[in-house]
Amino acid sequence: MHLFIHLTHGIESPTQADRAFLIAKTALRDGHQVSMFLAGSAVGLMKDENLDSVLGVGVTATELRNSVNEILGANGRIVLSQISCAARGVTEEDLKGKNIELGSPSVLVEMTAQCDKVITYG
């Protein structure tokens, strides 16, 4: 199965953000394909200071960086909204060295159309 996760929660809602990454990791561990599209305040999660500090609540919570690394290491795909990045000051420099893509609204539509199931955290 190809699972698509659309996340719009950021550091203001760490548990919702954490759960999106938990589901992505779980699906990959279970042998599924996973793509994520982060928009709205979720794009700020990819800044280094947030990757090292955002934690959800509960026993499954881990540093966000560990989750992102596991997802990318298992061939998961993470795309950030170009529009949301521009509006929230997330720059190419913030993404340097990370295997994260920038995408337009048409990329979001394409990713949604290519998947079997969609989960939205918004």
Side-chain angles (χ1 to χ4, degrees):
M1 175 181 66
H2 185 176
L3 180 64
F4 176 65
I5 300 172
H6 186 205
L7 174 64
T8 59
H9 289 291
I11 62 172
E12 76 288 348
S13 301
T15 300
Q16 286 86 345
D18 176 73
R19 293 311 176 257
F21 289 93
L22 170 65
I23 296 303
K25 292 187 311 188
T26 301
L28 286 162
R29 289 174 187 163
D30 290 348
H32 302 290
Q33 185 179 359
V34 174
S35 298
M36 299 180 77
F37 192 94
L38 280 58
S41 63
V43 299
L45 293 167
M46 296 301 104
K47 288 187 165 195
D48 284 328
E49 62 266 21
N50 296 327
L51 284 170
D52 294 326
S53 65
V54 172
L55 295 172
V57 176
V59 295
T60 61
T62 60
E63 270 185 12
L64 185 57
R65 184 179 301 276
N66 294 336
S67 295
V68 169
N69 288 342
E70 182 175 341
I71 291 163
L72 294 173
N75 295 316
R77 181 180 182 200
I78 299 175
V79 179
L80 304 184
S81 164
Q82 287 175 304
I83 295 168
S84 296
C85 285
R88 289 167 177 81
V90 177
T91 66
E92 299 246 354
E93 187 65 28
D94 292 316
L95 304 178
K96 191 175 251 181
K98 300 173 179 111
N99 190 18
I100 297 171
E101 306 167 48
L102 292 176
S104 65
S106 62
V107 171
L108 173 59
V109 171
E110 176 186 323
M111 290 173 73
T112 304
Q114 292 175 347
C115 73
D116 300 309
K117 301 287 181 185
V118 175
I119 297 175
T120 301
Y121 290 86

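Positions are given from 1 along the sequence. What you see below is based on every heavy atom in this structure, not just the backbone, and it leaves out hydrogens, waters and symmetry mates.
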Asker: Please give me the minimum heavy-atom distance between Leu45 and Ala17, naming the atom from each residue.
Answerer: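 Closest pair (atom of Leu45, atom of Ala17, distance): CD1-CB, 3.7 Å.
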
Asker: Does atom CG (Asn69) have a neighbourhood of more than 12 heavy atoms from anything else shown, all under 6.0 Å?
Answerer: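 Result for CG/Asn69: enclosed.
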
Asker: Which atom pairs, donor and acceptor, lie under 3.5 Å between side-chain atoms of residues 111-119 and protein residues at least two apart or in another chain?
Answerer:
residue, atom, partner, partner atom, Å
Thr112, OG1, Leu108, O, 2.8
Gln114, NE2, Glu110, OE2, 3.4
Asp116, OD2, His2, N, 2.7

Asker: For Asp48, give me all partners under salt bridge (charged side-chain N to carboxylate O under 4.0 Å, His left out), at least two apart in sequence or on another chain.
Answerer: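 Once residues adjacent in sequence are excluded, the partners of Asp48 under the salt bridge (charged side-chain N to carboxylate O under 4.0 Å, His left out) criterion are Arg65, Lys98.
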
Asker: Applying salt bridge (charged side-chain N to carboxylate O under 4.0 Å, His left out), which residue pairs with at least one partner in residues 2-15 are found, sequence neighbours left out?
Answerer: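 Qualifying pairs: none.
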
Asker: To the nearest 0.5 Å, what is the distance between CG on Asp18 and OH on Tyr121?
Answerer: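 The CG atom of Asp18 sits 9.5 Å away from the OH atom of Tyr121.
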
Asker: In the hydrophobic clustering that connects Ile, Leu, Val, Met, Phe, Trp and Tyr at side-chain heavy-atom distances below 4.5 Å, which members other than Val109 occupy its cluster, ordered by chain and number?
Answerer: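 Hydrophobic cluster check, Val109: no partners found.
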
Asker: At what distance, to the nearest 0.5 angstrom, does CG of Leu38 lie from NE2 of His9?
Answerer: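 The NE2 atom of His9 is 11.5 Å from CG of Leu38, to the nearest 0.5 Å.
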
Asker: Of all the heavy-atom pairs spanning Gln16 and Leu7, show the shortest one and how long it is.
Answerer: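 What the structure gives for the nearest pair is O-CD1, 4.2 Å.
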
Asker: So how far is it from Leu22 CG to Thr15 OG1, rounded to the nearest 0.5 Å?
Answerer: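 It is 11.5 Å, given to the nearest 0.5 Å.
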
Asker: For residues 84-94, which side-chain N or O atoms pair as donor and acceptor with protein atoms under 3.5 Å away, sequence neighbours left out?
Answerer:
residue, atom, partner, partner atom, Å
Ser84, OG, Gly40, N, 2.8
Ser84, OG, Ser81, OG, 3.2
Arg88, NE, Gly40, O, 3.4
Thr91, OG1, Glu93, N, 3.3
Thr91, OG1, Asp94, N, 3.3
Thr91, OG1, Asp94, OD2, 3.2
Asp94, OD2, Thr91, N, 2.8

Asker: Does any part of the side chain of Leu72, heavy atoms only, come nearer than 4.5 Å to the side chain of Ile100, both counted from C-beta?
Answerer: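 In contact.
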
Asker: Over all heavy atoms of both residues, which pair between Phe4 and Met36 is shortest? Give the atoms and the distance, please.
Answerer: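 Heavy-atom minimum between the residues: CE1-C, 4.3 Å.
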
Asker: Quick check: closest heavy atoms across Ile23 and Leu3, and the distance to 0.1 Å?
Answerer: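 Heavy atoms only, the tightest pair is CG2-CD2, 4.1 Å.
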
Asker: Would you compute the distance between atom CG of Asn99 and atom CD1 of Ile71 and round it to the nearest 0.5 angstrom?
Answerer: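 So the gap between those two atoms works out to 12.5 Å.
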
Asker: Does Leu51 belong to the same Ile/Leu/Val/Met/Phe/Trp/Tyr cluster as Phe37, with side-chain heavy atoms less than 4.5 Å apart forming each link?
Answerer: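 As far as the 4.5 Å side-chain criterion goes, Phe37 and Leu51 are not connected within one cluster.
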
Asker: Looking at side-chain heavy atoms only, is the closest gap between Ser35 and Val79 below 4.5 Å?
Answerer: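 No, side chains not in contact.
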
Asker: Does Asp30 have more than 12 heavy atoms from other residues, nucleotides or ligands lying within 6.0 Å of its CG?
Answerer: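 Counting neighbours around CG of Asp30, more than 12 heavy atoms of other residues, nucleotides or ligands fall under 6.0 Å, so yes.
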
Asker: Closest heavy-atom contact between Gly10 and Ser41?
Answerer: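 Closest approach of Gly10 to Ser41: N-OG, 3.2 Å.
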
Asker: Please identify each residue that fulfils side chain to side chain donor-acceptor pair (under 3.5 Å) with Ser104, with sequence neighbours left out.
Answerer: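 Side chain to side chain donor-acceptor pair (under 3.5 Å) list for Ser104, sorted by chain: Ser106.
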
Asker: Can you name the nearest heavy-atom pair linking Met46 to Val68, along with the distance?
Answerer: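 Looking at all heavy atoms of both residues, the closest pair is CE-CG2, 3.8 Å.
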
Asker: Just how far is it from atom CD of Gln33 to atom CG of Leu28, taken to the nearest 0.5 Å?
Answerer: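 Answer for the CD-CG pair, Gln33 versus Leu28, is 9.0 Å.
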
